[in-house]
Amino acid sequence: MKTPGGYRREVIAVGIAVLAFVVLLTFSLARLVEIERNTHASSGEGIIWALSQAQYEIHRLILATTLSRPASAEEISLRFDVVLSRLDLLENGPMAAQLAAAGRASVITRARTALLQLEPLIAGSGPDVARYSARLSRTMGQFLEPLGTIANDLMIANRVAEGERRSSYNASIVQVIVSILGIMVTGGFLIFRLVRSLGDAAAAEAQVRQEKSFLDRVMNASGEGIAAFDRALVCTHWNERMTELLGVSAGERLGRKLPALDPLFDETTLRRVLLGEEVYAVPDAREEGRYLEHLAFPIRHNGSITGGILVLRDVTERHNAQRERQLREVYRDFVTMVSHQFRTPLAVIDSTVHRMMRRGALMDGPEINTRAMTIRGAVSGLSRLMDSTLTAERIDAGQMELRLRETDLMQLLSDIRARFVDLAPERTITLEADGLALLSCDQVLLDQALGNLLGNALKYSPPEKSVSIRISENDRTVSIAVTDYGVGIPVSEQGRVFERFFRASNATTVKGSGIGLYTARQIARLHGGDITVASSPGETTFTMSLPKQMEAR
Amino acid sequence: MERRHFLKVAAAVAGSALSHPILAQSDRAVLEVSGQLKASRTFTLADLQALGATRLVTSTAWTDGTPEFEGVLARTVIDTLGPIGSDRVTALALNDYRTDIPLSDFHEFDVIFAWSMNGQMLTRRDKGPLWIVYPRDAVPQLREERYENRWVWQLNRLIFP
């Protein structure tokens, strides 16, 4: 909005205005203080009044002793003392100093001396005014004019000083008025700036509020649960979808520490996010049967991490669709395999019966017995296939489900091993386990999957080599490792051995359908587990890992 | 007329004021009080001194330095007069000066009727017999013309108008 240069110019302008405001205010205050001090300087009026009073009292004394109408002795005495008091006033304090400054102090001293010289004469004369009247009038009368002159001169000097003082006042007041105008202008400018920046701030706040409400609406419109937390792991945002997914309202979450509230947000994960890591957690089944996938990533602001965002997605549908697809594939493969495997015993039966028909009576008892045993073997193979086929009915469209049952894995593997030993008594198959290895699974499917693994191990290793089965477990999973000591699988092909119909390049001489490992892995995955392979020339291990507790579906 | 009567009395008592101005004062009326009172009365210096002496050190607009005054508190004198039908008093001086003083001054400030300055009895040849002295240094607001007008010297009469 504003260029940096414009902003700097505004700051400078405001700075100058503030400075001018302060300078003008200080200056006008200083001037006002000066005027206030000068107001207290005493004027010269007092001394002019005192001089004229002295002049007047001398006059009254002379008048009181006028021959034609003399006053009483007491009145004369009073007038005498009052004249002295008037002279005394002019001889002391500030007035004496003012007269001395004007060079007129001596007149007063001379007047007092002259009057006091007359005192014995007046006191001695009693009521006989004629004895001193003329002398008093002459002696004191001579001071009347100088007193008037002094008062006159002082009055003019005083007026000049007054005038000067007034004009200096005027100058000061004009300066103060100009300063105040300046203060008004700078003050007005500052107020204008203040009002404008308040307006700007309000507008900016409104914009922020609008953006926030927009963001809230976006967050709430999202089909994903979104929550945010700050560095203290305190929840700062919680959208409506989050409330729907977890059944906890924003009011119960906002402002509280997340890890303490929901095991879904464990502290370790959130701390990792605050360290800058993006965390993805695979779909996790909730109690109510929904699969929630979550993602957490840090929020960065100005290069530092200020918190994190949690995104929760309901992937139940996707999860179910995937699962359904897996089941369907297993079924299809199963059927493929079964039909494939039906042919072999049928062909055996067919050829044996064919030979028996051709040879007819030529066959002796032991030969017939051998042929019949061959047919019976083929039939029993067929019936096993039939059993498998029947179990496969369960994996029919619409009824695809695992029949979970608490299973002793050791027992299951012992049965499978016994079956293979029956078929190939010359092979050594070792079975070892640490622990009890109880788990819930679909026994028929798992039997098939493990049978495939063991069958492969036997098939792709020389008869003199043993095959080992090892069961190990930890808190959550059970692992079954099937190891053979055969040719191994080329490294470049190890990633593809679980693909349907894939057959390793060094195994083409051995009969196989290419669906066994695929089916085994699908079954493991249906159980929430998986199969991995590790192979080198001379040793190959397929490890099936299964969760101990598979949630009921 | 009253004044002339007073002067006659004063003259009869004092004899020649010129030869013994100070001696004459102790047994002579120095202050006459009249106006809205139950009764007018006069005070001799001894009467005033009997009301109790107060010392006050203060600068004045008419002297150098800070002289020490001795006198009686104005309100003590006023209190001896009984009920007063006025809120101010007109102070008159021997030199015919006169001014009104609000009685509140005497209650707000320790104003004295001084009879001596720096140990010297005041006479009517300077500021005597009495000088109204305000505590000018103790109370800054008193340092201005309106109050300085009330520093009546050669005080001899109080009239409650």
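- Remark: A:Arg60 engages B:Asp96 in a salt bridge, criterion side-chain N to carboxylate O under 4.0 Å.
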Item to check | Worked verdict on A:Glu74 versus B:Arg28 for salt bridge (charged side-chain N to carboxylate O under 4.0 Å, His left out) | outcome: CA-CA 14 Å; A:Glu74 173 58 25; B:Arg28 166 179 167 183; 3.8 Å; yes
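- In this structure the side chain of B:Asn95 reaches within 4.5 angstrom of the side chain of A:Arg86, judged on heavy atoms.
- At least one side-chain heavy atom of B:Gln154 sits less than 4.5 Å from a side-chain heavy atom of A:Ser85.
- Side-chain contact between B:Asp126 and A:Asp88 is present, with at least one heavy-atom pair separated by less than 4.5 Å.
- Summarising the geometry of B:Ala61 relative to A:Pro94, their closest heavy-atom pair is O-CG, 3.3 Å, with the distance given to 0.1 Å.
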Next on the checklist: Applying side chain to side chain contact (heavy atoms under 4.5 Å, CB included) to B:Asp64 and A:Asn92, what does each step give before you reach the verdict?
Outcome noted: CA-CA 7 Å; B:Asp64 296 319; A:Asn92 287 298; 5.7 Å; no
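- Between A:Phe80 and B:Arg125 there is a side-chain heavy-atom pair separated by less than 4.5 Å.
- Contacts of A:Leu115 with chain B are absent, with no heavy-atom separation under 4.5 Å from either backbone or side chain.
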Checklist entry - Can you list the steps and then say if B:Arg124 with A:Leu78 is a side chain to side chain contact (heavy atoms under 4.5 Å, CB included)? => result CA-CA 8 Å; B:Arg124 63 189 198 190; A:Leu78 177 66; 3.7 Å; yes
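- Atom CD of B:Glu68 is surrounded by more than 12 heavy atoms from other residues, nucleotides or ligands within 6.0 Å.
- Considering only heavy atoms from C-beta on, A:Asp81 stays 4.5 Å or farther from B:Thr123 through its side chain.
- The 12-atom threshold is exceeded at CD of B:Gln141, counting heavy atoms of other residues, nucleotides or ligands nearer than 6.0 Å.
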